[in-house]
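Heads up: the structure comes next, in structure tokens.
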Amino acid sequence: MAHIVVLGAGTGGMPAAYELREMLGTEHQVTLINERDYFQFVPSNPWVAVGWRDRKAVTFDIRPHVERKGINFIAKRCDRIDAENSKLELEDGEVVSYDYLVIATGPRLAFEEVEGAGPEVGNTDSICTVDHAERAYQNYQKLLEDPGHVVIGAMPFASCFGPAYEFAFIVDTDLRKRKMRDRVPMTFVTSEPYIGHLGLGGVGDSKGMLESEMRNHHINWITNAKVTKVEEGKMHVEQYDDAGNKIKDHEIEFKFSMMLPAFKGVDAVMNVEGLCNPRGFVFVDAYQRNPTYPNIYAAGVCIAIPPVESTPVPTGAPKTGYMIESMVTAITHNIKAELEGRELDTKATWNAICLADMGDTGAAFVALPQIPPRNVAWFKKGKWVHMAKIAFEKYFIRKMKKGSSEPIYEKYILKMLGIGKLK
């Protein structure tokens, strides 16, 4: 009997545990380890931050759902990975041995890379966790009482830009509904070289479409922006040209600011020699397996993917939902192949497909493959995307509670977008 441990219970880790349980059968043991005892649906956090959702709507206790499927659950932080001896050391000293480890921890939020950034000890809010989104909502309510300038965007080395755009348009929509938009100037500050870059080098007409939308919604922007310091109510930004030359210093005063931080690997992962790149992201081969430690697999935001292109201010490549789903499926099939003594034969499909909410409408983008040149690249807008994002939220949370391993993107999203199954 083999023991497979999944480290992290987010939108990659929890589906991985379910797929492994279903694929491997009862003769093998599956354990899910997560720092917290609850699942949080991170894509809903922009709604939480304006009061359109609450914690109860986007979180649930993990244990009863996974244990019903025969998956062991440990709600503890992993402090050390002993990759040489295939062991995990947890926060209270407990040691868990594994035959295979699936790392799906997501990122560590590196607020410390910009002085004064972050919700705990800094002066900016975040929507990266439900705790952060709840804190952002508290500060957003203060803005409603005392309106003023809002700054939203992404820091240098950020790699997930979609939620920043979503939040900007969601705030705009909420303020319009409250008939307060005229009292709240907005500026989008991003490390991207242009609006709609998205860490992907643009997708279809994402640049033109998003620039048009931001003009229509009276959202100003600063691109190639390197935030260097955030004081209470004031953001210091260096702006660069496309050749990497600094062209302007900005001091932007604000009443409310949400800035996505840079991502790094979590400490337990980052500290394993030979496992990660310098920023702590796990190296994987075509089969999602680490080259140094072949019994370690990884999926999701925690894996190392090089930037699509060099940019004047550093940006990273996003790992979107379809990519993560595909990685998880590849891992599951490849672990089964190893256990059965077969050659690994399943590779993930690194395509980018995203549904982005824009308050009362939405945008969908498809990049096949994610890294150019592409076979398919388009970006479309419509109210149907807003409705699809809501449906996706409801379905995914229900799927995680039910313990289903059904592939959402392959079965539903691709068909909805008129793409069909991808190989």
Side-chain angles (χ1 to χ4, degrees), residues 1-24 26 28-42 59-109 128-131 263-272 275-276 280-282 284 288-290 293-303 319 324 327-328 331-332 334-336 338-339 400-401 403 405:
M1 181 183 76
H3 184 203
I4 300 92
V5 173
V6 180
L7 185 60
T11 53
M14 203 161 172
Y18 286 138
E19 285 199 36
L20 285 163
R21 177 75 292 153
E22 181 176 314
M23 180 72 67
L24 300 182
T26 57
H28 300 292
Q29 185 180 5
V30 178
T31 297
L32 179 64
I33 299 177
N34 195 56
E35 183 176 3
R36 300 171 183 86
D37 61 1
Y38 60 87
F39 173 86
Q40 54 181 312
F41 188 63
V42 173
T59 67
F60 60 85
D61 292 338
I62 294 172
R63 187 178 303 279
H65 301 286
V66 299
E67 288 186 346
R68 188 175 66 248
K69 289 290 183 177
I71 299 167
N72 305 319
F73 178 60
I74 301 174
K76 296 177 186 177
R77 183 184 67 248
C78 176
D79 283 343
R80 180 172 179 266
I81 299 174
D82 181 358
E84 294 288 349
N85 297 299
S86 299
K87 293 180 180 179
L88 304 178
E89 297 179 11
L90 307 185
E91 59 183 298
D92 60 352
E94 181 181 355
V95 175
V96 178
S97 298
Y98 61 84
D99 295 295
Y100 294 94
L101 175 63
V102 179
I103 299 175
T105 54
R108 182 174 73 81
L109 307 174
C128 294
T129 71
V130 69
D131 290 340
F263 288 173
K264 297 183 79 171
V266 301
D267 291 342
V269 174
M270 191 171 187
N271 293 334
V272 181
L275 183 67
C276 308
F281 295 110
V282 181
V284 294
Q288 303 302 128
R289 183 174 61 175
N290 181 255
Y293 304 101
N295 66 334
I296 295 180
Y297 291 78
V301 178
C302 68
I303 74 164
K319 292 92 172 181
I324 296 172
M327 293 178 200
V328 166
I331 290 171
T332 303
N334 288 329
I335 289 178
K336 182 179 182 182
E338 283 204 74
L339 290 171
M400 290 300 96
K401 289 181 176 180
S405 61

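Below, each value reflects all heavy atoms present in this structure, side chains not excepted, and no hydrogens, waters or symmetry copies.
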Under 3.5 Å, is there a donor-acceptor pair between the side chain of [X] and the main chain of [Y]?
X    : Y    : result
N85  : K87  : no
E91  : R77  : yes
N290 : L275 : yes
N72  : T31  : no
E89  : V95  : no
Q40  : T59  : no
R63  : F73  : yes
R108 : F263 : no

So, for [X] and [Y], which heavy atoms are closest and what is the spacing to 0.1 Å?
X    : Y    : value
D99  : M1   : OD2-O, 4.0 Å
V5   : S97  : CG2-O, 4.3 Å
A268 : C78  : CB-O, 3.3 Å
R36  : I62  : O-CD1, 4.1 Å
G300 : I324 : CA-CG1, 3.7 Å
L109 : C128 : CD1-CB, 3.6 Å

According to ring pair (Phe, Tyr, Trp, His ring centres under 6.0 Å), who are the partners of F60, at least two apart in sequence or on a separate chain?
F39, H65
Does the side chain of Q29 pick up a donor-acceptor pair with the side chain of Y98 at under 3.5 Å?
no
Please determine if E94 and K76 form a salt bridge, counting it only when a charged side-chain N lies under 4.0 Å from a carboxylate O.
yes
Would you mind reporting whether [Y] and [X] have side-chain heavy atoms less than 4.5 Å apart?
X    : Y    : value
L20  : V6   : yes
I4   : H28  : yes
R289 : I296 : no
E35  : V266 : no
V269 : F281 : no
L7   : I81  : yes

Please round to the nearest 0.5 Å and tell me the distance separating atom [atom1] of [X] and atom [atom2] of [Y].
X    : Y    : atom1 : atom2 : answer
Y297 : T332 : OH    : OG1   : 10.0 Å
Y38  : D61  : OH    : CG    : 10.5 Å
K336 : M23  : NZ    : CE    : 5.5 Å
L32  : I71  : CG    : CD1   : 7.0 Å

